[in-house]
Peer 1: 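Got a structure for you, written out below as structure tokens; questions coming shortly.
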2 protein chains.
Amino acid sequence: MLKKFIDKESGREVESSVMNAITIDCVVFGFDKGSLEVLLIEHAEGIRKGEWGLPGGWIKKSESIDGAAHRLLADLTGLDDIYLEQLKAFGSPDRFPLGRVITIGYYALVKREDYNIKAGFTASDAKWYKIADIPNLIYDHNEILEFSLVNLRNRVRQAPIGFNLLPEKFTLFELMKLYEEILAVEMDKSNFRRKFLRMKLLNPLDEKQQDVSHRAAQLYAFDPKIYEKLTKKGFSFEF
Amino acid sequence: MLKKFIDKESGREVESSVMNAITIDCVVFGFDKGSLEVLLIEHAEGIRKGEWGLPGGWIKKSESIDGAAHRLLADLTGLDDIYLEQLKAFGSPDRFPLGRVITIGYYALVKREDYNIKAGFTASDAKWYKIADIPNLIYDHNEILEFSLVNLRNRVRQAPIGFNLLPEKFTLFELMKLYEEILAVEMDKSNFRRKFLRMKLLNPLDEKQQDVSHRAAQLYAFDPKIYEKLTKKGFSFEF
DNA sequence: ATACTTGTGGTCATATTTACCATAAGATAA
DNA sequence: TTATCTTATGGTAAATATGACCACAAGTAT
């Protein structure tokens, strides 16, 4: 019952049982007005035309899988040069209706202000959805999304990656709100401040918030060197 | 320059640019006499006959990737019903000399006492190697091993997974030695005890060590319920 | 009995966390 | 202008956790 392919060049048979189609699917997180959001695209072609799903596509033979993820995201949404990390391979035999397709999930954290999403390639539309408003997605994409959300909640406590969702300059309060939103907890402003400042990860800037109707807060940027160090040696943020 | 395959049944051409061979490679950790070890196999056939590498092989179309990992490990080494977790997909275009092969890495933690390793299938030998004595391995297997070691060091501080390397019943001292070995640090007996017991993860048994030439230590087993809870809500073991 | 080894329980000084409170620094409304 | 509101920021005290170390217990080996 094994299907066989013939290699056109060599003429030799190749057992299809070990040949698999591999795709990439990306869960792109953004943070806007206090809400965690995910970038979804509407498929412009293929068997699921018109339906929403995660941005993704085929891996080419000549590229690394990280490279494929970056290429696909750029093609489909215009996102370029972003924080992207491999999540997990999903390979249930029946996850794709037309045959066995294994997909490698990636998740990305982007600063919303830096990008204008533009649907491209095989995507007819691309939009940010609030986590609470995710529609039914194609294939097992809801499952992949759920997995990446759990992963994000874990990662954000174990590595200083939250900044990738915030603008270059941010206040401690905004950072705290980000953690509160992702982890679905409430925190104490004062304790959060002390805890975070103690690890020297943030550099205070010579700037304050503008155009706010209350006392303007100090702006901070994160320190890439300490970031590097903490990422290597481990980071633990307890609540 | 794209290679094409012909589907024997339908007669249609399939672009080989999206067809990839996918394998599984497993890093199996064990712990014996105070040393962290890895299970390697000697290949009995194929282009790398006689060389050592990680146990692994092709994924079949009809099985999940987790299923493939379990099957391969059972076939090659006799290991069955073990703690196995997906690590990462490795997909550098040139990692495999005969063409593009993507491999999905898994790591496993096994209780050495429970298994007798027996080489099988396409493995002519299977042996435990101490971490410090790993030879040169085929393909990028040294790289995969190194990655999984870093991963293990991180995971062991963030989830209560160390028990999977120990016998059912163990002493606090043995547990500490395990942590010391994996993390390459020295710890204080007394403080380790206090810290670990406080989280109620361990159930003291009505048994003591046997046949030791010193005061016999209390034996413990871990509590699966608390284990479950800690795994979900997060676990942090600082040193 | 003595020495030796590991287990187990403690102390104490120090550091961290938590739950608050108080004041500062603006903006806005009366 | 003054009062009031909101958020920022800095503090305090009690509870908890940590790290270094000690002392005795409970066995084995000589």
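When reading the values below, keep in mind they use all heavy atoms of this one structure, side chains included, and skip hydrogens, waters and symmetry mates. Per chain, numbering begins at 1; letters A, B, ... match sequence-line order.
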Peer 1: Is there a side-chain hydrogen bond (donor to acceptor under 3.5 Å, both in side chains) between B:Asp66 and B:Tyr106 once you walk through the steps?
Peer 2: CA-CA 9 Å; B:Asp66 284 8; B:Tyr106 273 78; 2.3 Å; yes

Peer 1: Check B:Glu85 with B:Arg155, please: is the shortest side-chain N to carboxylate O separation under 4.0 Å?
Peer 2: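 Between B:Glu85 and B:Arg155 there is a salt bridge, with a charged N closer than 4.0 Å to a carboxylate O.
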
Peer 1: Expressed in angstrom and rounded to an integer, what is the separation of B:Arg194 atom CZ from C:dC12 atom C1'?
Peer 2: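 Nearest whole value for this atom pair: 11 Å.
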
Peer 1: Could you write out each protein N or O paired with an N or O of nucleotides 6-9 of chain D at a distance under 3.5 Å?
Peer 2:
residue: D:dA8; atom: N7; partner: A:Lys189; partner atom: NZ; Å: 3.3
residue: D:dA8; atom: N3; partner: A:Arg215; partner atom: NH1; Å: 3.2
residue: D:dT9; atom: OP1; partner: A:Gln218; partner atom: N; Å: 2.9
residue: D:dT9; atom: OP2; partner: A:Arg193; partner atom: NH2; Å: 2.7
residue: D:dT9; atom: O5'; partner: A:Arg193; partner atom: NH2; Å: 3.3

Peer 1: CZ of A:Phe196 versus P of C:dT17: gap in Å, rounded?
Peer 2: 13 Å

Peer 1: Cation-pi between B:Lys88 and B:Phe90: NZ/CZ under 6.0 Å from ring centre and within 45° of the ring axis?
Peer 2: yes

Peer 1: Distance check needed: C:dA19 P versus A:Glu186 CD, whole Å only.
Peer 2: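 From A:Glu186 CD to C:dA19 P: 12 Å.
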
Peer 1: Using 4.0 Å as the upper bound for N to carboxylate O, is an ion pair formed by B:Glu180 and B:Lys177?
Peer 2: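 A salt bridge is present here (some side-chain N lies under 4.0 Å from a carboxylate O).
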
Peer 1: Over how many whole Å does the gap from A:Met187 atom CE to C:dT17 atom P extend?
Peer 2: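 In whole Å, C:dT17 P and A:Met187 CE are 14 Å from each other.
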
Peer 1: How many Å lie between CZ on A:Phe192 and P on C:dT17, as a whole number?
Peer 2: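 Rounded to the whole Å, the gap is 13 Å.
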
Peer 1: Does A:Phe196 have its ring centroid less than 6.0 Å away from the ring centroid of A:Phe237?
Peer 2: yes

Peer 1: Between B:Val212 and A:Leu197, who's closer to the 5' end of DNA chain D by nearest nucleotide?
Peer 2: A:Leu197

Peer 1: How many whole angstroms separate atom CG of B:Asp188 from atom C1' of D:dA17?
Peer 2: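 After rounding, the reported distance stands at 14 Å.
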
Peer 1: How long is the gap from CD1 on A:Ile104 to SG on A:Cys26, to the nearest 0.5 Å?
Peer 2: 11.0 Å

Peer 1: Atom NZ of B:Lys195 and atom P of C:dT16: how far apart are they, to the nearest Å?
Peer 2: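 Atom NZ in B:Lys195 sits about 13 Å away from atom P in C:dT16.
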
